[in-house]
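Only this structure's heavy atoms are used, side chains among them; waters, hydrogens and symmetry mates stay out. Each chain gets a letter, A, B and so on, in the order the sequences are listed, and its residues count up from 1.
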Amino acid sequence: MSIQKLALKRHTLIANKLLIVMSGLNRETKRDNSYYYEKHSFGLAKNFVDIKWTGSLMKQILAYVAKCNSQGHISIISEQELANTIQCSVRTVQNNNKLLEDYDIIRWDRLWGDYIQVSLNNYLEDFLDLHIKEAADAQNISYTPEMLDKDHNTYTSKGGYTSVSMEVIYQLLAIKNINMLRLALRALYVYESDVNVKKDSEALLSYTEVKHILPKYIGYKAAIKEMASKLSKIFRIDVLEKDDCVKTLLEEKQPRKSIIEKIKDGFILSFNLTGAHDSKKQKEIEKIRGEHAFAQFKNFFKSFGHYSIKKEDIHSIVHEFGLDIIEKSLTSVQRYLQQTYIEESMDAFRPLVHEMESNFFTYIRKIANGYYQAKINAL
DNA sequence: GTGCTGCAAGATTTCCATGA
DNA sequence: TCATGGAAATCTTGCAGCAC
């Protein structure tokens with residue numbers, strides 16, 4: 001019997017401040033004759049700073065964020081499946097839940113057997129870093145569409161959030177070494193900040209930065225290089241040292257002051273996410289290809305009947321299950337329609353077409369969900 | 001029978017002294 | 001300052017006992 005794992009969201013939104021606090025707050029607080037504290041800069045809540053982030057605890061929180069709905073609620077989750085997914089024992093999952101509840105980070109209740117429900121406390125504020133803007137202030141700020149909800153509330157964010165692909169989440173949950181996990185979480189934040197926001201071509205982490213984030217005993221070059229090399233399943237990583245470091249970064253780019261500071265270290269890790277690992281780019285590509293796949297299917301279907309599906313629903317379903325699953329589902333429906341048309345009577349064919357015409361979104365979603373569950377279980 | 005908790009052993013992480 | 005090894009601290013795990 002295969003070990004059951006959790007089916008997680010294809011794209012998980014996670015506050016940068018959560019990545020920062022779990023990776024370890026930077027101990028180098030004095031910079032350029034002034035003081036900088038990540039705790040204050042990111043507006044971290046006391047309970048998130050005070051709790052001791054063990055490896056299993058970090059992975060458990062990542063799994064909860066990757067599983068919950070838009071209100072931070074998980075209506076049902078198996079402790080055994082969670083333990084299988086984050087690669088620890090059920091006892092550790094239970095201990096962690098109790099600890100997280102003591103620190104007022106989650107609430108949980110047992111449903112029956114090993115099934116529980118979990119709510120992430122202050123989900124918007126603490127896990128997405130989104131804060132509702134007062135109505136009076138809202139008129140005076142600019143915002144991106146992503147910062148508006150269905151009720152047209154306006155949100156502000158201090159440290160922002162990043163989108164992490166399902167592939168990357170599963171890779172993070174498989175990491176056994178706590179310092180590798182810390183390094184990966186910090187690299188994801190730097191990638192969001194440097195590549196997605198500042199539009200640099202790569203995310204750079206200097207030796208000094210890594211040294212002050214990881215515990216002192218592990219903060220030396222050989223150990224950092226060793227850990228970085230093992231993260232190649234998630235990132236494309238280049239280690240730039242001494243002459244390489246200066247030449248590559250100074251000759252090929254026009255670096256900002258902050259990058260020049262990193263170059264002075266003479267030892268820099270360069271991180272890049274490619275293909276399906278880059279959640280934001282992946283979402284944009286899938287939107288366009290998804291629309292194309294549905295347009296092709298609609299063209300095929302027009303000789304049998306007519307249905308309508310909103311563009312937003314296409315984006316949402318492609319976002320939820322992924323382009324490969326959606327294409328597979330549409331191909332399967334097309335084949336099934338053709339087969340029924342050829343091999344069955346009109347009495348069997350008509351109700352099928354009618355079901356699709358009445359709510360094609362629900363119909364295709366049901367099929368996609370089946371393929372998706374099978375894909376997750378095969379991981 | 002089920003779920004929770006305390007305990008102890010083993011595993012992992014962190015600290016610290018030391019030498020290069 | 002960096003790298004390392006041994007010691008100490010902490011985390012993880014499974015078992016046993018208790019309450020319901």
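Between A:Phe267 atom CZ and C:dT1 atom P there is a gap of 18 Å when expressed in whole angstrom units. C:dC11 atom C1' lies 16 Å from atom CD of A:Gln94, rounded to whole Å. For A:Asn179 and C:dC11, the CG to C1' distance is 14 Å, given to the nearest whole Å. Atom CD in A:Glu226 sits roughly 11 Å away from atom P in C:dT4 (whole-Å rounding). Taking atom CG of residue A:Asp114 and atom P of nucleotide B:dT2, one finds them 12 Å apart after rounding to whole Å. Following rounding to the nearest Å, A:Glu79 (CD) and B:dT2 (C1') show an atom-to-atom distance of 12 Å. Rounded to whole Å, atom P of B:dG3 lies 11 Å from atom CG of A:Leu111. In this structure, A:Leu57 places its CG atom 16 Å from P of C:dT10, rounding to the nearest Å.
Nearest nucleotide to the side chain of A:Thr92, out of C:dA3, B:dG3, C:dT13: C:dT13. For A:Tyr217, the listed nucleotide lying nearest its side chain is B:dC16; candidates were C:dC11, B:dC4, B:dC16. Residue A:Cys88 places its side chain closer to C:dT13 than to any other of C:dC2, B:dT14, C:dT13. Nearest to the side-chain atoms of A:Tyr207 among the listed nucleotides C:dC11, C:dT13, C:dC2 stands C:dC2. Side chain of A:Tyr220, nearest nucleotide from C:dA3, C:dC2, B:dC4: C:dA3. Considering only side-chain atoms of A:Arg110, the nucleotide from C:dG14, B:dT5, B:dG3 that sits closest is B:dG3. Checking C:dA3, B:dC16, C:dC11 against every side-chain atom of A:Lys221, the shortest atom distance belongs to C:dA3.
Place A:Lys98 and A:Asn177 on DNA chain B by their nearest nucleotides, and A:Lys98 ends up nearer the 5' end.
Put simply, the side chain of A:Arg91 and the base of C:dG14 share a donor and an acceptor less than 3.5 Å apart.
Ion pairing between A:Arg186 and A:Glu209 fails under the 4.0 Å rule for side-chain N and carboxylate O.
A donor atom on one side chain and an acceptor atom on the other are found under 3.5 Å apart for A:Gln80 and A:Asn84. For A:His315 and A:Glu286, the side-chain atoms include no donor-acceptor pair closer than 3.5 Å.
More than 12 heavy atoms of other residues, nucleotides or ligands shown are found within 6.0 angstrom of CZ on A:Phe349.
In this structure, A:Lys52 reaches the C:dC11 phosphate: one of its side-chain N or O atoms is under 4.0 Å from OP1 or OP2.
Annotation: cation-pi pair A:Lys310/A:Phe361 absent, no NZ/CZ under 6.0 Å from the ring centroid and within 45° of its normal.
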